[in-house]
Amino acid sequence: MEQDFVNKTYDRIDFKENPLVIGDYEGCKFTSCDLSNTDLSEIKFIDCEFISCNVSLVKLSKTVFRDIQFVNCKMLGLLFNDCSEFGLSFSFNNCNLNHSSFYKTKIKSTFFKNSQLQEADFTGCDLANSTFENCNLAKARFEDTILEKVDFRTSHSYSINPENNRIKKAKFSLTQVTGLLDKYDIQIDKTN
């Protein structure tokens with residue numbers, strides 16, 4: 001039987017030793033918790049905050065993330081594409097999301113700030129109206145991705161093929177726009 005947990009605070013808990021029970025967690029706050037390598041399948045998180053937590057390599061089969069804030073979290077190798085699609089929404093501030101997958105997720109208007117997204121997979125993802133503020137996107141994969149009105153102006157190290165992605169009205173900085181030309185394997189001299 002599923003349980004409801006409302007407005008609970010979890011501080012410095014190692015969930016490998018004390019696993020979360022399947023249920024609805026609404027308005028809960030997780031601070032400095034270790035959830036790494038745990039199974040969060042079929043758990044519902046609504047309006048929750050994860051602050052300074054280790055959420056790496058967590059199993060997310062049918063997990064619900066609705067209006068979630070991740071701040072200062074280590075989140076390596078997560079498969080967000082395994083989450084429940086219904087209402088999937090979150091924001092990331094100062095998080096390490098290297099090697100995570102957002103394959104074919106619909107996460108419009110998502111806010112990524114000061115985050116590491118190296119080798120993240122955004123293939124087939126709908127990121128319309130999202131913002132990548134000061135993010136490292138080295139070797140992140142964008143293929144058949146909807147990037148319309150996405151703001152990349154302060155981010156760096158991305159490589160995006162405009163022919164294989166929808167980038168209408170996306171915003172890029174002049175210093176990083178070369179990431180749109182990587183496909184052509186050309187050298188651009190930045191001197192006059």
Side-chain angles (χ1 to χ4, degrees), residues 1-117 119-133 135 140-141 144-147 150:
M1 179 174 213
E2 287 190 15
Q3 298 181 39
D4 291 336
F5 303 90
V6 180
N7 299 324
K8 300 275 187 194
T9 299
Y10 301 90
D11 189 38
R12 301 185 190 286
I13 297 174
D14 185 342
F15 286 104
K16 289 181 282 191
E17 296 176 9
N18 304 300
L20 282 172
V21 295
I22 293 178
D24 293 3
Y25 294 79
E26 187 167 349
C28 294
K29 187 173 185 178
F30 298 83
T31 306
S32 300
C33 294
D34 187 357
L35 295 114
S36 62
N37 294 295
T38 60
D39 189 349
L40 301 181
S41 295
E42 300 187 26
I43 295 177
K44 295 176 184 144
F45 298 99
I46 301 164
D47 293 318
C48 293
E49 292 179 90
F50 291 83
I51 301 168
S52 300
C53 293
N54 185 351
V55 194
S56 297
L57 300 172
V58 167
K59 188 174 179 185
L60 298 173
S61 180
K62 298 181 184 172
T63 303
V64 171
F65 282 133
R66 195 169 304 136
D67 299 320
I68 306 301
Q69 293 180 32
F70 292 101
V71 180
N72 298 321
C73 290
K74 184 177 179 184
M75 309 177 73
L76 303 174
L78 295 183
L79 302 177
F80 289 100
N81 43 289
D82 288 344
C83 291
S84 171
E85 290 181 20
F86 182 71
L88 185 62
S89 60
F90 32 56
S91 65
F92 304 93
N93 186 352
N94 201 37
C95 292
N96 186 339
L97 290 145
N98 292 346
H99 305 283
S100 290
S101 176
F102 296 88
Y103 180 76
K104 289 192 175 182
T105 56
K106 291 181 182 178
I107 51 172
K108 293 180 179 183
S109 302
T110 299
F111 190 70
F112 299 87
K113 181 178 182 179
N114 298 324
S115 294
Q116 297 294 315
L117 291 150
E119 298 188 49
D121 186 2
F122 293 101
T123 302
C125 185
D126 185 350
L127 285 162
N129 295 302
S130 293
T131 299
F132 290 88
E133 184 178 309
C135 293
R141 185 171 181 182
D144 294 324
T145 308
I146 299 172
L147 299 170
V150 172

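No experiment lies behind these values; they were computed from the predicted model shown.
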Enquirer: Between S100 and M75 (side chain of the first, backbone of the second, donor and acceptor by atom type, cut-off under 3.5 Å), is there such a pair?
Expert: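 A pair under 3.5 Å: yes.
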Enquirer: Can you tell me which residue among Y25, F92, F70 is in a ring pair (Phe, Tyr, Trp, His ring centres under 6.0 Å) with F65?
Expert: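 Only one of Y25, F92, F70 forms a ring pair (Phe, Tyr, Trp, His ring centres under 6.0 Å) with F65, namely F70.
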Enquirer: Is there a donor-acceptor pair closer than 3.5 Å between any side-chain N or O of S89 and the backbone N or O of D67?
Expert: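 Yes, because the side chain of S89 sits within donor-acceptor range (under 3.5 Å) of the backbone of D67.
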Enquirer: Going by the side chain to side chain contact (heavy atoms under 4.5 Å, CB included) test, name the single residue among D11, I13, N18 that passes it with C33.
Expert: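 In the set D11, I13, N18, the residue that makes a side chain to side chain contact (heavy atoms under 4.5 Å, CB included) with C33 is I13.
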Enquirer: Show every salt bridge (charged side-chain N to carboxylate O under 4.0 Å, His left out) that has at least one partner inside residues 99-114, sequence neighbours left out.
Expert: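 As it turns out, the salt bridge (charged side-chain N to carboxylate O under 4.0 Å, His left out) pairs with a partner in residues 99-114, which skip direct neighbours, are K108-D126, K113-E133.
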Enquirer: Would you compute the distance between atom OG1 of T145 and atom CZ of F122 and round it to the nearest 0.5 angstrom?
Expert: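 Those atoms lie 8.5 Å apart.
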Enquirer: Is there a donor-acceptor contact under 3.5 Å from the side chain of S101 to the main chain of L79?
Expert: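 Checked: no pair found.
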Enquirer: Around atom OH of Y103, are there more than 12 heavy atoms from other residues, nucleotides or ligands closer than 6.0 Å?
Expert: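 At most 12 heavy atoms, drawn from other residues, nucleotides or ligands, come within 6.0 Å of this atom.
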Enquirer: Taking atom types as modelled and ignoring hydrogens, do the side chains of D82 and S61 form a donor-acceptor contact shorter than 3.5 angstrom?
Expert: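 Distance-only check fails for D82 and S61.
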Enquirer: Ignoring hydrogens and geometry, is there a side-chain-to-backbone donor-acceptor pair from S52 to S32 under 3.5 Å?
Expert: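 No: the side chain of S52 does not pair with the backbone of S32.
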Enquirer: Side chains of N94 and N114: do they bring a donor and an acceptor to under 3.5 Å?
Expert: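 Side-chain D/A pair, N94 to N114: absent.
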Enquirer: Backbone N or O of F112 within a donor-acceptor pair of the S115 side chain at under 3.5 Å?
Expert: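 Checked: no pair found.
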Enquirer: Would you name the heavy atoms of V71 and C95 that are closest together and state the gap between them?
Expert: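 Result for this residue pair: N-SG, 4.0 Å.
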Enquirer: Measuring from atom OG1 of T63 to atom CG of D39, what distance do you get when rounded to the nearest 0.5 angstrom?
Expert: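 So the gap between those two atoms works out to 7.5 Å.
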Enquirer: S130 side chain to V150 main-chain N or O, any donor-acceptor pair under 3.5 Å?
Expert: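 No, S130 side chain to V150 backbone: no donor-acceptor pair under 3.5 Å.
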Enquirer: Does the gap between the ring centers of F111 and F90 come in under 6.0 Å?
Expert: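 No, they do not, as the ring centres are separated by 6.0 Å or more.
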Enquirer: Tell me if a side-chain donor or acceptor on N96 pairs with a main-chain N or O of N98 at a distance below 3.5 Å.
Expert: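 Checking the backbone N and O of N98 against the side chain of N96, a donor-acceptor pair under 3.5 Å is found.
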Enquirer: Would you compute the distance between atom NZ of K29 and atom CD of Q69 and round it to the nearest 0.5 angstrom?
Expert: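 That separation rounds to 10.0 Å.
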Enquirer: Can you tell whether the side chains of D47 and R66 come within less than 4.0 Å, N to carboxylate O?
Expert: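 Looking at D47 and R66, the cut-off is not met.
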Enquirer: For the pair F80 and F102, name the ring-plane relationship: parallel under 30°, tilted 30 to 60°, perpendicular over 60°.
Expert: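 Because their plane-to-plane angle is under 30°, the rings of F80 and F102 count as parallel.
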